[in-house]
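The next block holds one structure in the form of structure tokens; read it before the comments.
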Amino acid sequence: MTEPGASGQPGTKEKPAGEKPGPPSIYEWAGGAAALSRLTEVFYGHVLQDPVLAPVFAQMDSRHAEHVAKWLGEVFGGPRDYTVGLGGHPHMANKHLGRGITEQQRRRWVSLLVDASDEVGLPADPEFRAVFMYYIEWGTRMALIYSGENPPPVDVAEVPVWQWGQTPPWQPDSA
Ligand code: HEM
């Protein structure tokens, strides 16, 4: 398990001389803000062409893709931009309330995001994709729960921060 560094992000804690540094954050491994912005831009482009999802996102805010990129960045250990400037977890959860997301819509959302991840060239190593999809599977199921009847209270949670957990990235000794 990676310990948080001085900045609160994984992999940034200073190590005694000679000790191998921890892995970069998942956010850094993904390619940072630019990679996540490109991902959500391409993803929502596909969403708007998709017969299952286009009606769900017909009224979306013009900055939606940008906001979701910031959310994902924070989840994967990047800057806390969504918490600081975009309303944090309560705002995100509120956006899903009452939408009655179906399992078919959730699956399509996941499927199009995987397609977009390949299209924009997110890292394809097993460890990164496993931890990325771990969050996406969890997050889409949470969105479905918040969108349904009897959602959990929206104001009690922080933006979750994902860790490499069981599958830290493989790095050659020379790295
Ligand atoms: C990991 C999964 C998900 C993440 C990270 C996510 C993230 C977000 C965020 C951050 C917002 C608020 C954007 C803002 O601040 O303006 C939002 C809104 C929204 N989400 Fe999700 N979402 C997920 C899953 C889903 C799914 C599965 C659906 C439906 C199939 C969905 C439908 C919507 C809709 C319709 C909105 C409102 C869009 C708007 O009016 O601008 N979300 N989502």
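Atoms within a ligand are numbered from 1 in the order they appear, just like the ligands themselves.
Near G139, with a cut-off below 4.0 Å to any heavy atom, the atoms of ligand 1 are 1 (C), 2 (C). Atoms of ligand 1 lying under 4.0 Å from at least one heavy atom of V56, given by number and element, are 35 (C). Every atom of ligand 1 is numbered from 1 in the order shown, and the set under 4.0 Å from a heavy atom of A143 is 24 (C), 25 (C). Heavy-atom contacts of I101 reach the following atoms of ligand 1: 26 (C), 28 (C), 29 (C), 30 (C), 31 (C) (cutoff under 4.0 Å). Distances below 4.0 Å separate heavy atoms of L53 from the following atoms of ligand 1: 30 (C). Listed by atom number, the atoms of ligand 1 under 4.0 Å from Y82 heavy atoms are 10 (C), 12 (C), 13 (C), 14 (C), 15 (O).
Proximity of H91 to ligand 1, defined as any heavy-atom pair under 4.0 Å, is confined to the side chain (atoms from C-beta onward). Counting heavy atoms under 4.0 Å from ligand 1, residue M142 does not touch it at all.
Taking 4.5 Å as the limit, every side-chain heavy atom of P23 sits out of range of all side-chain heavy atoms of W29. With a 4.5 Å cut-off on side-chain heavy atoms, E66 and T40 do not count as touching. H91 places a side-chain heavy atom less than 4.5 Å from the side chain of Y82. Contact check for D118 versus R129: side-chain heavy atoms found under the 4.5 Å cut-off.
Using a 30° and 60° split on the angle between ring planes, Y135 and F76 fall in the perpendicular class, above 60°. Taking the six-membered ring for Trp and thresholds of 30 and 60 degrees, H64 and Y44 have ring planes more than 60 degrees apart, a perpendicular arrangement.
Of all N/O/S atoms in H96, NE2 sits nearest atom 21 (Fe) of ligand 1.
Between W138 and ligand 1 there is no heavy-atom distance shorter than 4.0 Å. Contact between V68 and ligand 1 is present, with at least one heavy atom of the residue lying under 4.0 Å from the ligand.
Counting protein heavy atoms only, atom 11 (C) of ligand 1 is closest to H64 CE1, 3.9 Å. The protein non-hydrogen atom at the shortest distance from atom 7 (C) of ligand 1 is M92 CE, 3.5 Å. Closest to atom 16 (O) of ligand 1 among all protein heavy atoms lies H67 ND1, 2.8 Å. The nearest heavy-atom contact from the protein to atom 41 (O) of ligand 1 is D61 N, 3.0 Å. Among all non-hydrogen protein atoms, the one lying nearest atom 32 (C) of ligand 1 is F57 CZ, 3.2 Å. Given atom 37 (C) of ligand 1, the protein heavy atom at minimum distance is R99 NH2, 3.3 Å. The protein atom (non-hydrogen) at minimum distance from atom 25 (C) of ligand 1 is W109 NE1, 3.5 Å.
With values rounded to the nearest 0.5 angstrom, F128 atom CZ is found 8.0 Å from I26 atom CD1. Atom CD of residue E137 and atom CZ of residue R106 lie 4.5 Å apart, to the nearest 0.5 angstrom.
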Let's go through R38 and V42 carefully: what are the C-alpha distance in whole Å and the side-chain angles of both, what is the deciding distance for side-chain contact (heavy atoms from CB on, under 4.5 Å) to 0.1 Å, and is it a yes or a no?
CA-CA 6 Å; R38 179 86 186 113; V42 166; 3.4 Å; yes
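At under 3.5 Å, not a single nitrogen or oxygen of T140, backbone or side chain, sits near a nitrogen or oxygen of ligand 1.
Under the 4.0 Å criterion applied to side-chain N and carboxylate O atoms, E74 and K70 are not assigned as salt-bridge partners. Ion pairing between a basic and an acidic side chain is recognised when a charged N comes within 4.0 Å of a carboxylate O; D115 and R108 show no such pairing.
Aromatic pair F132/W162: ring centres not closer than 6.0 Å.
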